[in-house]
Amino acid sequence: MTAHTSASTALDTPSYTATQLVRERTLRAIRANPSSARISELARAAAAAFVDVLRRHDVTDAEFHALKSWLISLGDNGEWPLLLDLFAERTITERANPDGATPSSTEGPYYIPGQPQLTSPCVLPMRADEPGTSLILTGRVTATDGSPIAYANLDIWQTDDSGHYSGFTPGIPADNLRGVVTTDDHGRFEIETILPKPYRIPADGAVGTLFTKAKWNPWRPSTVHATVTKLGYFPVTTQLYFDTGATSDAVSDRIDPELVLDLTTGPEGTVRATYCFVLGAVEP
Ligand SMILES: [Fe+2]
């Protein structure tokens, strides 16, 4: 894919980098202001874990310097957000998942806040000649007891038919295939979009080098990303997969079967899929 996490490309549409977005989010989150004791505890634990890897695997001097060089290039390329999303974010999001709620999945580096507000039923913003297979995504948002949640917000983002994200790729309108959809008074939604296509982890940076050298699968399957929010409920950030044959994912050893949607094809070639998002109440 041409989308990249660094800010080196001149675009003819507004562009973002994962690093810029993560810095904005970090500045908001840092208001939590952890204590000096907590910072010290975590920093010491992280350093000890790193040293443990060096000792247990008899890392050589040459390997250590190669690692230092790779870490420097990771920072120079603005790829820390990508690496952390790949290897760490899922641990945090899964632990925050309330019992009975939709399984969480990593947000990834391609989320952009502030997208157009849409009311269900709706069409995601797309180009007039948007290529791809039409997809009607329907479903509901409910609480864990099955009661509908009216006027919940679904913040949706996905790749286009070429596996590219808007906002990170030249020539694609900034809000293409992105939007915040409000459910109806019964918690229902119906969104017209296109079937997203798989994309690969950027191959031209430090993370891509790691995937190549380690011979890891660099591909992410077709997904629609969603963050579902409603006042009084824990938000859920997840990804919906489709039964298109993909069984592996660069960011996970296993795709949660609950998040894999069956596709049914209508007479005009439009495919349909449905899903029920479940949110846990803040005070059940
Ligand atoms: Fe993605």
Side-chain angles (χ1 to χ4, degrees), residues 1-6 15-22 25 78-94 102-115 124-126 130 132-133 135 137 154-169 172-181 191 193-205 207-208 211 216-228 235-256 258-261 263 273 275 277:
M1 62 185 294
T2 57
H4 195 277
T5 51
S6 68
S15 65
Y16 303 86
T17 71
T19 300
Q20 290 167 341
L21 292 167
V22 167
R25 278 179 245 162
E79 290 189 278
W80 274 106
L82 178 61
L83 188 81
L84 293 172
D85 286 345
L86 286 170
F87 296 119
E89 186 186 342
R90 188 182 175 114
T91 302
I92 302 296
T93 56
E94 284 182 346
T102 290
S104 295
S105 184
T106 182
E107 180 179 89
Y110 297 113
Y111 171 68
I112 301 174
Q115 297 305 313
L124 271 193
M126 66 177 75
E130 190 70 40
T133 302
L135 167 68
L137 185 61
L154 277 69
D155 200 335
I156 301 281
W157 68 106
Q158 64 167 87
T159 56
D160 66 9
D161 194 55
S162 300
H164 295 125
Y165 281 100
S166 62
F168 295 86
T169 309
I172 301 178
D175 63 356
N176 207 58
L177 300 174
R178 298 176 183 271
V180 182
V181 181
I191 303 165
T193 178
I194 60 115
L195 200 58
K197 280 291 176 67
Y199 62 99
R200 59 163 296 151
I201 301 296
D204 55 348
V207 173
F211 272 71
W216 291 345
N217 164 38
W219 285 90
R220 298 232 51 230
S222 301
T223 64
V224 169
H225 290 263
T227 291
V228 187
V236 168
T237 295
T238 193
Q239 299 179 48
L240 301 179
Y241 301 80
F242 303 97
D243 60 345
T244 51
T247 55
S248 61
D249 186 347
V251 304
S252 175
D253 295 335
R254 169 181 167 274
I255 297 174
D256 191 327
E258 184 180 329
L259 298 173
V260 181
L261 278 53
L263 290 172
Y275 188 73
F277 293 98

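Residue numbers count from 1 along this sequence. Whatever order the structure lists ligands and atoms in, that order sets their numbers, starting from 1.
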Inset, instruction - Return the set of residues passing side-chain contact (heavy atoms from CB on, under 4.5 Å) with Val180 (not counting sequence neighbours), or none when no residue passes. - result: Gln115, Gln117, Asn153, Asp155
Inset, instruction - Take Arg220 and Thr159 through the test side chain to side chain contact (heavy atoms under 4.5 Å, CB included) and record every step on the way to the result. - result: CA-CA 11 Å; Arg220 298 232 51 230; Thr159 56; over 6 Å; no
Legend entry - Nearest heavy atoms of Ile194 and Gln158, plus distance in Å: O-NE2, 2.8 Å
Inset, instruction - Please name all residues satisfying ring-ring contact (aromatic ring centres under 6.0 Å, His included) with Phe277, sequence neighbours left out, ordered by chain then number. - result: Phe189, Tyr275
Inset, instruction - Could you list the residues that satisfy side-chain contact (heavy atoms from CB on, under 4.5 Å) with Pro198, not counting sequence neighbours? - result: Trp219, Ser222
Inset, instruction - Indicate the atoms forming the closest heavy-atom contact of Arg178 with Trp157, along with that distance. - result: NH1-CB, 3.6 Å
Legend entry - Under 2.8 Å from the Fe ion (ligand 1) - protein N/O/S, by chain and number: Tyr165 OH, Tyr199 OH, His225 NE2
